[in-house]
Amino acid sequence: MRIYPAIDLISGKAVRLEQGDYAKMTQYSDNPADVAKQFAEAGAEYIHMVDLDGAKAKRPLNTGVIKQVSGAVNIPIQVGGGVRTEESAGLLLEYADRVIIGTVAVTDPAMLKRLIKKFGAKKIIVSVDYKDGQPSVNGWLEKVPLDTGKLQSQLQKSGVK
């Protein structure tokens with residue numbers, strides 16, 4: 001089993017939301033790079049990061065912080081939040097080993113397929129949040145009435161590994 005410690009970002013800070021609710025946010029650190037270092041020192045083999053500002057804005061916004069975290073540790077990083085285009089995926093892959101696709105995986109299977117074709121299946125991670133039994137997109141803000149089996153089939157057809 002692998003454990004991926006997570007750092008969620010809002011306004012450049014390490015935070016956690018309670019069940020995706022932005023009104024129920026706890027701030028853990030002003031310095032996400034220090035949090036990443038602590039995870040690495042504790043034996044983490046990978047770090048999972050989500051730009052929650054980017055998820056809402058539909059484009060990455062905390063790339064400076066992501067770059068700082070990447071430079072602070074010698075373990076791989078996977079990062080997502082607001083990845084809707086090949087350009088945003090490419091930008092994040094400058095600092096991360098893998099990019100996490102959420103909303104696009106649910107709402108735009110053709111884009112997901114293009115991302116996999118351009119960057120390779122090993123660089124694209126799909127993470128789908130669920131709220132009340134339905135996929136939740138755009139930073140947990142919208143639910144999509146999509147059957148889990150249909151979504152799984154859609155992901156497989158896109159080339160997700």
Side-chain angles (χ1 to χ4, degrees), residues 2-22 25 27-29 32-33 35-36 39-40 44-73 75-131 134-144 146 148 151-152 154-156 158-161:
R2 286 191 179 154
I3 296 173
Y4 292 78
I7 301 173
D8 291 343
L9 302 171
I10 291 182
S11 301
K13 314 244 187 296
V15 303
R16 181 72 58 221
L17 303 181
E18 184 178 318
Q19 296 188 347
D21 187 343
Y22 286 78
M25 178 183 78
Q27 180 178 317
Y28 286 95
S29 175
V35 175
F39 286 150
E45 297 176 2
Y46 230 103
I47 293 179
H48 174 92
M49 295 182 71
V50 178
D51 179 349
L52 293 172
D53 293 320
K56 284 173 70 175
K58 302 179 183 177
R59 62 184 177 82
L61 293 176
N62 283 289
T63 53
V65 174
I66 294 163
K67 181 179 179 180
Q68 288 175 339
V69 170
S70 175
V73 295
I75 58 175
I77 295 171
Q78 62 186 32
V79 63
V83 182
R84 307 290 195 278
T85 65
E86 290 178 29
E87 294 79 17
S88 61
L91 173 66
L92 292 175
L93 285 169
E94 289 180 28
Y95 311 116
D97 299 275
R98 300 190 299 208
V99 67
I100 305 160
I101 308 299
T103 296
V104 164
V106 175
T107 64
D108 192 349
M111 173 57 76
L112 177 61
K113 192 172 192 171
R114 287 193 302 275
L115 291 169
I116 291 170
K117 184 176 181 180
K118 181 169 185 169
F119 299 108
K122 291 184 178 182
K123 293 285 186 182
I124 304 297
I125 303 300
V126 171
S127 177
V128 179
D129 297 313
Y130 274 78
K131 194 171 192 176
Q134 295 179 318
S136 180
V137 298
N138 294 320
W140 291 84
L141 299 176
E142 300 171 36
K143 289 186 270 185
V144 177
L146 184 62
T148 302
L151 176 58
Q152 180 179 355
Q154 179 178 301
L155 293 174
Q156 287 174 332
S158 296
V160 172
K161 302 290 181 199

If the condition is side-chain contact (heavy atoms from CB on, under 4.5 Å), which residues does Leu91 pass it with, not counting sequence neighbours? Thr63, Glu94, Tyr95
Kindly say whether Gln78 contributes a backbone atom to a donor-acceptor pair with the side chain of Asp97 at under 3.5 angstrom? no
Atom NZ of Lys13: over 12 foreign heavy atoms under 6.0 Å: yes
For Lys67, I'd like to know if atom NZ has over 12 heavy atoms of other residues, nucleotides or ligands within 6.0 Å. no
Verdict with supporting geometry, Phe39 and Ile75, side-chain contact (heavy atoms from CB on, under 4.5 Å): CA-CA 10 Å; Phe39 286 150; Ile75 58 175; 5.6 Å; no
Distance, nearest 0.5 Å, that separates CG of Leu17 from CD1 of Ile10: 4.5 Å
Side chain to side chain donor-acceptor pair (under 3.5 Å) partners of Gln154, counting only residues at least two apart: none
Rounded to the nearest 0.5 Å, how far apart are CG of Leu155 and NZ of Lys161? 12.5 Å
Between the main-chain N or O of Ser136 and the side-chain N or O of Asp129, is there a donor-acceptor pair closer than 3.5 Å? no
If you round to the nearest 0.5 Å, how far is CD of Glu86 from NZ of Lys118? 4.5 Å
What do you reckon, is CD of Glu45 surrounded by more than 12 foreign heavy atoms closer than 6.0 Å? no
Residues Ala96 and Val79: closest non-hydrogen pair is CB-CG1, 3.4 Å
Check: Ala6 main-chain N/O paired with Arg16 side-chain donor or acceptor under 3.5 Å: yes
Just one of Ile100, Val160, Val99, Val83 clears the side-chain contact (heavy atoms from CB on, under 4.5 Å) bar with Ile124, so which one? Val99
Shortest non-hydrogen contact between Ala105 and Leu151, atoms and distance: O-CD1, 4.0 Å
Could you measure the distance from the OG atom of Ser70 to the CE atom of Met49? Nearest 0.5 Å is fine. 9.0 Å
Val35 and Ala14: which non-hydrogen atoms are nearest, and at how many Å? CG2-CB, 4.2 Å
All heavy atoms of Gly159 vs all of Ala121, minimum pair found to be O-CB, 4.0 Å
Say you draw a straight line from OG1 of Thr103 to CZ of Arg84; how long is it, rounded to the nearest 0.5 Å? 4.0 Å
Side chains of Tyr22 and Leu52: closer than 4.5 Å at any heavy-atom pair? yes
Do any pairs count as a ring pair (Phe, Tyr, Trp, His ring centres under 6.0 Å) and have a residue in residues 44-65, sequence neighbours left out, and if so which ones? Tyr4-Tyr46
If the test is side-chain contact (heavy atoms from CB on, under 4.5 Å), which one of Leu61, Ile66, Asp53, Val50 qualifies with Leu9? Ile66
What is the minimum heavy-atom distance between Val65 and Pro32, and which atoms define it? CG1-CG, 3.7 Å
With a sphere of 6.0 Å drawn around CD1 of Ile3, does it hold more than 12 non-hydrogen atoms of other residues, nucleotides or ligands? no
How close do Ser88 and Gly82 get, counting heavy atoms only, and between which atoms? OG-O, 4.0 Å
So how far is it from Lys123 NZ to Ile101 CD1, rounded to the nearest 0.5 Å? 13.0 Å
